Structure formats: structure tokens, C-alpha cells
Amino acid sequence: MSDQAEKILVCVAWPYANGEKHIGQIAGAYLPPDIFARYQRMAGNDVLMVSGSDTHGTPITLQAEQEGIEPAAVVDKYHEMFVEGCLAMALTFDLYTHTDTQNHWDVTQQVFQRHLANEFIYTEVQKQWFDPEAGRFLADRYVEGTCPFCGYAGARGDQCDECGRLYDALELTDTRSKLSGSNELEVRETEHFFLDLGALNEPLLAWVGSGKEHWRSNVLNFTQGQLNLKELRGRAITRDIDWGIDIPLEGYEDKRIYVWYDAVQGYLSAAIEWADLSGGEWQAWWDRDLAPDARHYYFIGKDNIPFHTQIWPGMIMAYNDDSGEREPPLAGLSETAQGLATAGLNLPYDVPANEYLNFGGAQFSTSRGNVIGWNTVLEAYQPDAWRYVLTAMSPESADSEFTWPDFVELVNNELVANWGNLVNRVLGFAYRRFDGAVPQPGPFDPADEAVLADIRAGFESVAALYEAVKLKAALHEVRRLSQRVNQYLNEKEPWRTIKTEPGAATTAVYVALQAIDWLKLMWAPILPHSSEQLHIYLGYTQSLFGRLNTTSIEDARGEHLVLRYDHESASGVWQASSLPAGQLLQKPAPLFAKLDPAEVLGEEWDE
RNA sequence: GGAUCGGUAGCUCAAUGGCAGAGCAAGGAGCUCAUAACUCCUGGGUUACAGGUUCGAGUCCUGUCCGAUCCA
């Protein structure tokens with residue numbers, strides 16, 4: 001950690017722990033931050049990458065009902081499944097946790113208290129369907145009735161399946177409860193807490209109005225377009241449910257904080273949990289006074305843009321507001337989290353939201369059965385093949401379409417042919433003809449100098465693209481540089497000149513090895529597994545990257561699995577190192593498996 | 001209904017208002033170190049549609065069609 005090191009907080013969207021994630025979600029929100037974080041660490045910056053499973057909300061309770069198990073069991077099952085996917089694809093979360101932890105509860109309640117003290121939370125009495133038989137208020141999706149527009153008898157919640165119209169659930173007639181089956185429902189009054197987003201409209205508008213030139217234009221325009229209408233309105237924080245975080249006030253024991261309010265706070269609570277586990281300082285990234293230059297990046301899908309450019313920044317502003325009296329920290333707050341009581345928090349620096357990666361002309365959809373499961377495919381193909389393909393197909397500026405023929409073409413005709421084959425031809429030749437060691441080159445001629453200069457320039461050009469989160473363009477640039485080395489080899493023909501001019505052949509092989517040594521680093525954020533393997537083939541003994549590990553953590557709410565990344569052992573640095581002549585090579589083998597189209601395309605992935 | 005994005009070569013995508021380009025696929029040639037890989041050459045376009053502004057529009061403006069997200 002040098003003095004010039006920047007603090008980069010890489011925030012990754014929190015996936016619901018309610019099922020296997022599909023490759024569209026990975027391409028959109030989970031792989032890009034890992035590539036970005038790996039680059040930033042190699043560039044010498046202090047990266048903290050956090051996320052976790054979202055354990056609350058109806059997606060969880062619905063899944064629990066379907067499987068006939070408790071919500072907590074659903075959470076454990078799919079949280080673990082996601083962690084396994086992260087391990088297989090090597091997503092380097094400094095901490096991947098979940099939201100049903102004591103720490104997250106404490107942080108959420110602390111933020112709630114501050115919002116309340118700062119008067120950005122108000123209460124309002126609403127009318128809602130109540131099921132006397134079940135003794136519970138009914139969320140929209142637990143009410144069924146007759147559509148006020150078309151008279152369809154099976155209309156649900158707030159939208160009719162038959163005519164598609166939206167309405168207030170109170171407009172339904174002949175209602176029944178999907179909870180108890182009772183058709184004697186009552187409309188009762190219930191009091192809830194609201195976040196006063198209306199009061200935050202102006203401050204948010206001012207915030208997005210300056211210094212956001214680096215934002216993707218669709219994200220910025222969308223955000224400004226909405227805020228310009230000045231129609232932000234209060235949003236209910238609480239619900240009459242029993243799965244969720246308790247409200248830290250007396251008299252509200254049968255209500256819970258609803259998922260959207262606590263989930264976005266995970267970026268903060270996970271940093272605190274990371275600090276707790278590692279002995280680090282979360283304030284080094286989060287405290288606006290201690291770390292005013294820390295840059296926070298939020299990697300999300302486009303459906304999440306309003307939450308990360310309006311609601312969460314608004315919540316941070318409401319937290320930072322100094323008009324209210326500072327409450328003492330809540331009794332349960334851990335020592336690590338105590339600083340929250342006085343801290344002001346940093347706002348997002350960038351929100352590089354992606355569009356969707358679709359499949360079969362439509363979005364991936366479990367109900368339609370067109371899902372390519374992440375964990376499933378990682379068992380079948382190399383993680384770096386997926387990382388390459390999903391980056392090449394990355395929906396950075398528009399929805400894109402996944403097809404299996406494209407998958408095969410990208411792996412075979414680009415990854416294997418361009419880069420894998422370059423490595424294989426050079427390493428194989430060098431290992432056989434130079435006694436398994438990096439040969440001692442003679443003086444460089446202009447062609448040698450030129451190719452090395454071109455590749456070396458990648459440490460600038462590729463860096464700029466990673467830095468700007470233009471990952472697809474970064475991939476294209478490194479691929480262009482790989483091709484440059486193939487061109488150089490065809491020009492030099494060391495396999496021919498080794499018989500006539502051994503000195504020139506030796507130098508050409510050295511130059512090609514040196515170029516590969518550098519390209520390995522430029523590929524590394526996208527292709528960490530194979531770059532690591534190539535690093536070993538080239539005779540290095542330290543590893544480029546650190547190690548992932550899982551631990552089970554126990555707290556007052558029970559046990560939870562966490563994924564952590566230990567960067568200490570990483571030696572990969574973003575600079576043109578010098579490949580030592582004489583360094584012993586390891587016997588090489590192809591980095592990537594070529595795919596058999598018939599085999600891949602014959603597979604049935606529908607289920 | 002409102003806000004925003006996208007529609008460019010067979011496919012995937014680029015192009016601060018200034019000669020519409022790249023990779024893959026296709027056709028041809030060279031090479032043989034390499035996973036039938038590599039390199040070179042060629043073909044391929046009414047930039048969704050209709051208007052407008054401009055010396056000049058894929059790009060800016062208006063409208064229409066199609067797709068997507070969010071809000072109501």
C-alpha cells in the first residue's frame with residue numbers, strides 16, 4: 001500500500017439468495033467488477049470489493065413457500081451456491097457475506113435511527129387488506145380478487161393477469177387470502193415509516209448536475225431525466241411482514257424493515273464486517289472526511305439504476321445531514337461500527353450499469369425455462385473461457401444476445417486461435433529448442449524494438465480502458481496486441497532461421513517470450529486462471545493473484561458463510577517487467593481446451 | 001401515460017458533426033513453430049423509416065416503427 005495508492009471501493013449488486021444465478025446476471029453485474037478490481041489491484045491501488053446475498057424480501061419468502069422450508073434455509077442453500085460459483089470463476093470479493101447477520105442488522109438500525117433523527121423519515125397511516133383468520137396484513141401478492149377493470153376473477157395483487165391493467169389492491173372485489181384461503185378479508189389501517197425522497201430531489205439533482213462527465217451517458221441521462229421531473233416521493237421503508245430486520249423502536253414489533261432499504265446498505269455494512277474480520281479500517285474507504293478522494297464504483301444491472309443513482313445516494317445524503325442531533329450509537333453496535341455514529345459517508349463515484357445479456361431472443365427466465373445456470377456451466381467449461389466470452393459479449397451499451405454457436409466461435413476462433421495458440425507456439429518452440437530455458441538474446445534490430453514498443457504501449461492504452469470500465473474495448477485492445485506478436489513471428493520465422501541464422505532466431509524467440517510475458521499481465525484481469533498458469537510455464541514461482549477462501553462466521557443471529565480474498569500473496573504488478581534470460585521454463589501445455597462444436601451444440605441446456 | 005437507452009456488414013460491436021471501421025464468418029494466396037492454428041489480400045453498407053438544420057449528419061432537431069429498463 002503505497003502513499004499514491006488510491007482507495008477504490010468496488011460495490012457489487014446484492015443478488016437475492018433464491019436460486020441459481022444465470023450467466024446473464026454474471027455478465028451484467030458480477031464478472032465486470034472482478035475484472036475491474038483485479039486491474040486496480042495490479043495498478044497498485046487499495047481495492048475493497050464487497051457484496052453479499054440479499055436475504056430478505058418476497059423473492060426469498062416465495063421460494064421458501066415453494067420449497068416448503070424456512071426462509072433462513074433458502075438463504076443458506078442459495079447463498080452457498082453463489083459462493084461456490086464465485087470460487088469456480090474466482091471472483092475476488094474481499095468480502096462476500098449476506099444481509100441476515102448481526103452486523104448488517106446493527107448498521108441498518110443505526111442508519112434508520114439517524115434518518116429518523118434527521119427527519120428524513122416520516123410515518124403515514126395506510127389502508128391494507130387484513131386476513132383475520134391468519135391474523136396478518138396481506139402483501140399485494142397474497143391477495144386475489146376480481147379485477148376492477150375487466151372483471152377477471154383471478155386477478156392478483158396490483159396487476160391483472162388477464163387485462164394487464166395496474167390498480168391499487170384495495171380496488172379488488174371478492175377478495176380472498178392466498179395465505180389462509182379465507183374470503184372474509186377486512187381493510188384495516190396500518191402505520192408505516194417512509195423515506196422522504198421528495199425532500200432529497202433537489203439535493204440529488206444538484207449532485208448529478210456536476211462532476212459526472214465520466215458516467216455512462218445512459219445512466220446519467222436516465223437519472224437526470226427522472227430527477228428533473230421533481231416527482232420523487234416518499235417510499236415505504238416498513239411492511240407488515242415477519243421476515244426482515246426489526247424496527248429499532250418500541251411498538252412496532254409486528255412490522256419489519258422492507259428489503260430495499262436494508263439491501264443497499266450492504267455496501268456499507270459489508271465494509272464494516274470486512275474490517276471486523278481483517279482488522280482493516282472501513283473508514284479508509286467510507287468516511288468522507290478521512291477519505292474524501294475514495295472512489296466508489298457500483299456494478300449493477302440497468303434495472304437497478306434508480307436505486308443506485310437516486311435512492312441510495314439520497315439515503316447517504318439524509319444520513320450525512322447535520323440538521324438533526326447526533327444520537328449516541330445504538331447499544332448493540334460493535335466496536336468496529338462505533339464510528340458510524342459520527343461519520344459522514346462518501347457518495348458514489350461511478351455507477352457503470354450494464355444492460356442485459358439475453359438468450360433465445362428473450363431475457364433469461366426461470367419460468368420460461370430458458371436459463372443457462374452459472375454453477376451448471378462452470379462444471380462443463382473452463383472458467384476463463386466463460387470470462388472471455390462473457391466479456392466479449394458484455395452488454396455494456398445495449399442488450400446483447402448469447403448463443404451457443406457464438407460461444408464456440410469466440411472460444412475456438414478468438415481465445416484459442418489468437419492468444420492460446422500464440423502462447424503454445426512460442427512456449428513449445430522455446431522449450432524444445434532452447435533446453436527449457438529463456439534464451440539469451442542478441443542485439444535487437446528495429447523489428448524487435450518495434451514489436452516490444454507496441455506491446456509495452458499496452459500498459460498505457462489497455463490501462464486506460466480498464467480504468468474507464470470499458471472492458472470489452474480492453475479485451476479488443478489486448479487481442480490486437482496478441483495478433484501483433486503473431487505477425488512478428490510470421491515475419492521473423494525463427495523456425496526457419498534457426499537453421500541459417502541461429503542468433504536472429506534466438507533473439508526473436510526471446511522477444512516473443514517477453515511480449516507474451518507482458519500480454520499475460522494485460523490479459524490477467526479477464527483471464528486470471530490461464531495467466532496464472534502461463535506465469536508458471538514462464539518459470540515464475542510467485543503467484544500473480546492472491547487466494548480466495550471461505551469461513552463460517554458465528555454471531556448473535558447464527559452462522560453465516562463468507563467468501564474472502566487474501567491479496568497478500570499476490571505479485572502481479574501492472575508494469576513492463578523484464579523477463580530474465582536463463583530463467584527455467586516449465587513444460588508447457590495448451591492453456592485452453594478447444595471446443596467440439598457438435599458436442600457443445602448437441603447439449604440440452606433448457607433444463 | 002412519463003423519463004431514458006438502443007436499432008450501423010451474415011454475426012458481435014466501433015466511429016469529440018468531417019473519407020462508415022474492426023473481430024468473427026465467407027472467398028483467395030502464403031507459411032508449417034503452433035490446438036487444421038498463424039500471416040496477407042478480397043468481397044461485403046440506402047447507418048430502422050420519413051422529414052428538417054448544416055458547407056458537411058450514423059452523430060443534432062421533429063415525427064413514426066421496433067426492442068429494452070425504470071416510474072406512474
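These numbers come from a predicted model, not from an experiment. Within every chain, numbering begins at 1; the chains are lettered A, B, ... in the order of the sequence lines, protein sequences first and strands thereafter. Keep in mind that the numbers below use all heavy atoms, side chains included, and drop hydrogens, waters and symmetry copies.
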Whether A/Tyr466 side chain and A/Met522 backbone form a donor-acceptor pair below 3.5 Å: yes
Main chain of A/Tyr349, side chain of A/Trp215: is a donor-acceptor contact present, judged purely on distance under 3.5 Å? yes
With [atom1] as the reference atom in both, quote the distance from [N] to [M] in angstrom, rounded to an integer.
N	M	atom1	result
B/C13	B/G27	P	24 Å
B/C5	B/G63	P	14 Å
B/C33	B/A68	C1'	48 Å
B/G10	B/A25	C1'	7 Å
B/U46	B/G58	C1'	13 Å
B/G45	B/G52	C1'	24 Å

Before giving the answer on ring-ring contact (aromatic ring centres under 6.0 Å, His included), spell out for A/Phe194 and A/His115 the whole-Å C-alpha distance, their side-chain angles and the decisive distance to 0.1 Å. CA-CA 10 Å; A/Phe194 287 70; A/His115 281 165; over 10 Å; no
Pairs under 3.5 Å (N/O, protein and nucleotides 69-72 of chain B):
{"unit_1": "B/U69", "atom_1": "OP1", "unit_2": "A/Gln363", "atom_2": "OE1", "d": "3.4"}
{"unit_1": "B/U69", "atom_1": "OP1", "unit_2": "A/Gln363", "atom_2": "NE2", "d": "2.4"}
{"unit_1": "B/U69", "atom_1": "O2'", "unit_2": "A/Lys302", "atom_2": "O", "d": "3.4"}

Testing B/C31, B/C40, B/C5 for proximity to the side chain of A/Asn221, the answer is B/C5
Considering only B/U35, B/C33, B/C5, which nucleotide approaches the side chain of A/Asn490 most closely? B/C33
Take atom [atom1] of [X] and atom [atom2] of [N], then tell me their distance rounded to the nearest Å.
X	N	atom1	atom2	value
A/Ile516	B/C33	CD1	C1'	12 Å
A/Leu534	B/U35	CG	C1'	16 Å
A/Leu475	B/A22	CG	C1'	13 Å
A/Phe434	B/C33	CZ	P	14 Å
A/Arg433	B/U32	CZ	C1'	13 Å
A/Phe429	B/C31	CZ	C1'	14 Å
A/Leu220	B/A3	CG	P	17 Å
A/Glu355	B/C5	CD	P	11 Å

Paired and unpaired positions of RNA chain B as dot-bracket, Watson-Crick or G-U wobble under 3.5 Å, | denoting a partner strand: (((((((..((((....[..)))).(((((.......))))).....(((((..]....)))))))))))).
What's [X] touching, base or sugar-phosphate or nothing? Going by heavy atoms closer than 4.0 Å.
X	answer
A/Asn424	base
A/Arg479	sugar-phosphate
A/Ile305	nothing
A/Leu591	base

Between CG on residue A/Leu357 and NE2 on residue A/His22, distance to nearest 0.5 Å: 9.0 Å
Tell me whether the count of non-hydrogen atoms from other residues, nucleotides or ligands lying under 6.0 Å of CG in A/Asp168 goes above 12. yes
Hey, is NZ on A/Lys470 packed in by over 12 heavy atoms from elsewhere, all under 6.0 Å? no
Salt bridge between A/Glu202 and A/Lys230, side-chain N to carboxylate O under 4.0 Å? yes
Between A/Asp350 and A/Lys212, does any side-chain N to carboxylate O distance fall below 4.0 Å? no
Can you tell if the side chain of A/Val411 reaches within under 4.5 Å of the side chain of A/Val389, non-hydrogen atoms only? yes
Determine whether A/Asp34 and A/Tyr30 make a side-chain contact, defined as any pair of heavy atoms from C-beta on separated by less than 4.5 Å. no
Identify, between A/Asn418 and A/Asn218, the residue whose nearest nucleotide on RNA chain B lies closer to the 5' end. A/Asn218
Quick check on RNA chain B: between A/Gly225 and A/Arg432, whose nearest nucleotide comes earlier from the 5' end? A/Gly225
Decide whether a cation-pi geometry holds between A/Lys21 and A/Phe82; the criteria are a distance under 6.0 Å from NZ or CZ to the six-membered ring centre and an angle within 45° of the ring axis. no
Measure from NZ or CZ of A/Arg479 to the centre of the six-membered ring of A/Trp419 and say whether it is under 6.0 Å with the direction within 45° of the ring axis. no
Are A/Gln224 and B/A3 close enough that a side-chain N or O sits under 4.0 Å from OP1 or OP2? no
Less than 4.0 angstrom between a side-chain N/O of A/Gln483 and OP1 or OP2 of B/U39, yes or no? yes
Could you encode protein contacts along nucleotides 6-18 of chain B as a string, one character per nucleotide from 5' to 3', using B for base contact, S for sugar-phosphate-only contact and - for no contact, with a heavy-atom cut-off of under 4.0 Å? S----S-SS----
Given the rule in the salt bridge (charged side-chain N to carboxylate O under 4.0 Å, His left out) test, do A/Asp399 and A/Lys302 qualify, once you have shown the distances and angles that lead to the verdict? CA-CA 10 Å; A/Asp399 286 359; A/Lys302 62 177 166 182; 2.9 Å; yes
What I want to check is whether an N or O donor and acceptor connect the side chain of A/Asn421 with the base of B/A37 at under 3.5 Å. no
